[in-house]
Amino acid sequence: MVHQLRAALRVRTWGGLVLSLLLGASYAAMPLFALLPQLWGFVAASAVSYVADAWLHRLEPSFIRRMAAFRIDRTMRFLARDALLLVLAERMDAPEPVLVAGLIVLGGQFGVLVLYAALHRVIRRTRTLPVAVRNLDMGDAGIPKALPALLYRRYLRRLLHLDLPMHAGLLAGLAGANWAVTKAGYALSLVLPTLALLALAGQLRRARRMPEREEIIAEVNRQLAAYRPEVALYFSFAAVSRDFMYQVNMWIETLESLDRRPLIILRERASFRYLSRTRLPVLCVPKADDVAELDLPDLKVVLYPGNAGKNVHMLRVAEAKHVFIGHGDSDKLASSNRVSKVYDEIWVAGRAGRDRYQRIRHAVDDAAIVEVGRPQLASIRPHAHHIPGPLPTVLYAPTWEGWSDDDCHTSLIPMGVELVSALLEEGVRVLYKPHPLTGKRSPAAAQADRTVREMLEADNHRRRAAGTLPAEAGDLEPRLREIRARIEELAGRESTGDDAEQTRDARPPQRVGSDEWRALHDEWHRLYWHQTGALRHDVITGQLPTLYECFNQADLLISDVSSVVADFVASLKPYVLTNAHDVPDGEFRAAYTTAGGAYLLDRACARLPQILRSVREPAHDPMAPDRQIVKEYLLGPDRPTSMERFNAAVNALAETAVLHQQEHALDVMPSLPAPARHQPS
């Protein structure tokens, strides 16, 4: 029952559930106390509503969005509380001038709020650039500075809280009949928003000095002409850009290691905000017409990590060669999509990727498939260098539920809770890293995810109480937060300005940032795992710790059919594929390439003790030889390295693009007209 309530309210924590219930209770109590009337009960309920509302914005944004979906947004909540305050005043026989003045202040306050929101929207639209830029020198673009954050960011929350003087003043007047305090509160609640509105209006003139669209695009093209990009990574995923940005971020270090000059082109502003640190030039171009205005004469190769409708806006560039590189090698049908035939080439990690496209015979030419390895996997520590901890560490990383029930590949719904329960009975340490999209579509997946998290926390608590789980190693959180803040700063995500401000401040980066970036990541992970310890279960979400660092901690991976498994194969450690539908082993291995070196886990988890023996007793690991074979089949040979192969593929295709451009120029070159013969007069 409680779990269903949390799911309905969209709250993640028990504290959030308590606060949400307190918020609801306070709004249910205020009308009652207003009508009775009961002053001190109203004061208490009102105070609870303020505090709970403020904390829920910080702790449970999903709950706040849930209320807004039912038209119980922040403005409505503040308006209801202030209106109930006036009802209380009327029921306590407050003087009529006080009531009339209260209505005037309340109306004036919300009138100012409407004007402020309208003006804010005008300024925001005025400051919206056709192209947002990172790592190109846009100092000469003439973009004015952003507005003061006090006026521009989270303005609604600040303005609404300016009702506090009115609220406190009227309550004080009702408590002691001291209406002078009430008048002062009224004045402050009306004057302060008005001053804020006047201050914002004063900023409108600066905002109107924004350069025209043509000027911005011309400046971007001047910077591109100086840089002369040869390779572009192009990405669009409008639906949930934040969750899908791993598809771009995983390729950044590979792009930075190329011989050719790379560029990143994004199509959604949310993608631009969640891009990781890079020294490469980045353009965010939301509109197709503006993409067409980009001047990229030296562009030879365009790389696509995802299939999206907006890819056609770049595919029209006939001079370049277009390559689908994907975001991981998986046995899912989506990894051999028929749409891929629109690209000049499809780059896969190894032979398995080539064979996968045989599922769609006659759709993709085998000659268009190139095996380039997976350069991102260089940081994964091989099995031979792994040092086991005091307990076997199992990484459970289920994939997400998919876009529909028909292609639901996750084990989380049918067997995730039972699996984690069985792991806890086996006395192993569990690292749980769900897919970023888990629960976005399926309530059942969201519920299973919450249950797994609660089970792991409960087991940590039980072992801590029994004295078998030591306390965390010191309070390292301040240093971890400090490192994270610096990482965010290096990534360009710490700016309090809008996209226009980031573009205005864009400059070519210093290379020293790359060394600091890596050093900070190494230190963060070292401190994080030290604080976590080698025995405690952990739920891992967000960008840190990274998936590959979780690989390095694990003795065994349990996952579903996904690119996570294909990447883990690089470590040569034992891994498990879930067989939630109990398909016969032979059929399962025939259907999925990654199953060739995997232990298969049935839905009832009856095989789990036998599988864990491969970790506890490495001599009893019958799948070890198969993993070596599967690794080369999936990822290609170790030599030359994946980075060398990927770089060579980029260079070869760029040279092909140049050759084809030259041939095309010869084909379309018009014949020179014969010189006219002048007859003597």
Side-chain angles (χ1 to χ4, degrees), residues 53-54 57-58 61-62 64-80 82 105-133 138 141-163 189-217 238-242 266-274 284-290 493 495-506:
D53 206 309
H57 271 88
R58 297 181 59 184
S62 296
I64 296 297
R65 290 192 293 269
R66 184 70 163 174
M67 286 199 298
F70 288 99
R71 301 293 186 267
I72 313 174
D73 59 14
R74 182 190 295 133
T75 304
M76 183 61 66
R77 296 194 299 274
F78 274 73
L79 181 61
D82 290 341
V105 171
L106 184 59
Q109 225 184 340
F110 280 88
V112 169
L113 181 62
V114 170
L115 292 174
Y116 197 102
L119 189 56
H120 185 277
R121 188 165 188 172
V122 169
I123 293 174
R124 187 176 61 199
R125 285 186 173 182
T126 304
R127 287 187 58 81
T128 299
L129 299 175
V131 184
V133 175
M138 296 295 290
I143 302 170
K145 291 188 65 174
L147 276 66
L150 182 66
L151 296 175
Y152 197 68
R153 300 181 72 239
R154 298 191 179 98
Y155 71 93
L156 184 61
R157 189 182 304 181
R158 295 188 178 97
L159 285 180
L160 286 172
H161 278 92
L162 291 179
D163 75 335
S189 285
L190 192 58
V191 170
L192 292 178
T194 304
L195 291 176
L197 177 64
L198 294 174
L200 186 67
Q203 299 291 328
L204 180 61
R205 183 177 179 183
R206 181 204 295 180
R208 284 179 171 171
R209 295 201 299 266
M210 291 288 291
E212 298 292 332
R213 167 186 175 274
E214 293 76 13
E215 295 175 297
I216 291 292
I217 293 178
V240 275
S241 293
R242 176 177 184 175
L266 306 174
R267 295 301 309 279
E268 287 79 38
R269 296 187 188 275
S271 299
F272 186 67
R273 297 184 190 106
Y274 295 107
C284 178
V285 196
K287 293 185 178 180
D289 291 346
D290 296 330
R493 292 193 291 263
S495 174
T496 58
D498 52 13
D499 291 344
E501 178 78 355
Q502 292 192 38
T503 299
R504 176 183 183 273
D505 296 337

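The analysis underlying the following values was restricted to heavy atoms, covering all of them including side chains, and did not include hydrogens, waters or symmetry mates. Remember, it's a predicted structure, so these values are computed and weren't measured experimentally.
- Using a 4.5 Å heavy-atom threshold, the side chains of R77 and I64 count as touching.
- Remark: R74 CZ to R157 CZ distance equals 5.0 Å, nearest 0.5 Å.
- Here I143 contributes atom CD1 and L129 contributes atom CG; the two are 5.0 Å apart, rounded to the nearest 0.5 Å.
- Checking each of R269, R504, R127 against D499 for a side-chain contact (heavy atoms from CB on, under 4.5 Å) leaves exactly one that passes, namely R269.
- At a threshold of 4.5 Å between non-hydrogen side-chain atoms, the residues I217 and P130 count as touching.
- Classification of D290 and R213 as a salt-bridged pair holds, one side-chain N sitting under 4.0 Å from a carboxylate O.
- Distance alone, capped at 3.5 Å, places no donor-acceptor pair between the T126 side chain and the R208 backbone.
- When every heavy atom of L190 is checked against every heavy atom of V105, the shortest pair comes out as CD1-O, 4.2 Å.
- No side-chain heavy atom of L106 sits under 4.5 Å from any side-chain heavy atom of D163.
- Separation of atoms CD (Q109) and CG (L160) is listed at 8.0 Å; rounding is to 0.5 Å.
- Considering only residues two or more places apart in sequence or on other chains, R65 meets the side-chain hydrogen bond (donor to acceptor under 3.5 Å, both in side chains) condition with S62.
- Between the CE atom of M67 and the CG atom of D73 there is a distance of 9.0 Å, given to the nearest 0.5 Å.
- Checking side-chain atoms of Q203 against main-chain N and O of L147 turns up no donor-acceptor pair under 3.5 Å.
- Taken to the nearest 0.5 Å, the CG atom of L192 stands 5.5 Å off from the CG atom of L162.
- The number of heavy atoms from other shown groups lying within 6.0 Å of CD (E212) does not exceed 12.
- With values rounded to the nearest 0.5 angstrom, L200 atom CG is found 12.5 Å from L195 atom CG.
- A donor-acceptor distance shorter than 3.5 angstrom exists from the side chain of Y116 to the backbone of L151, with no hydrogens or angles considered.
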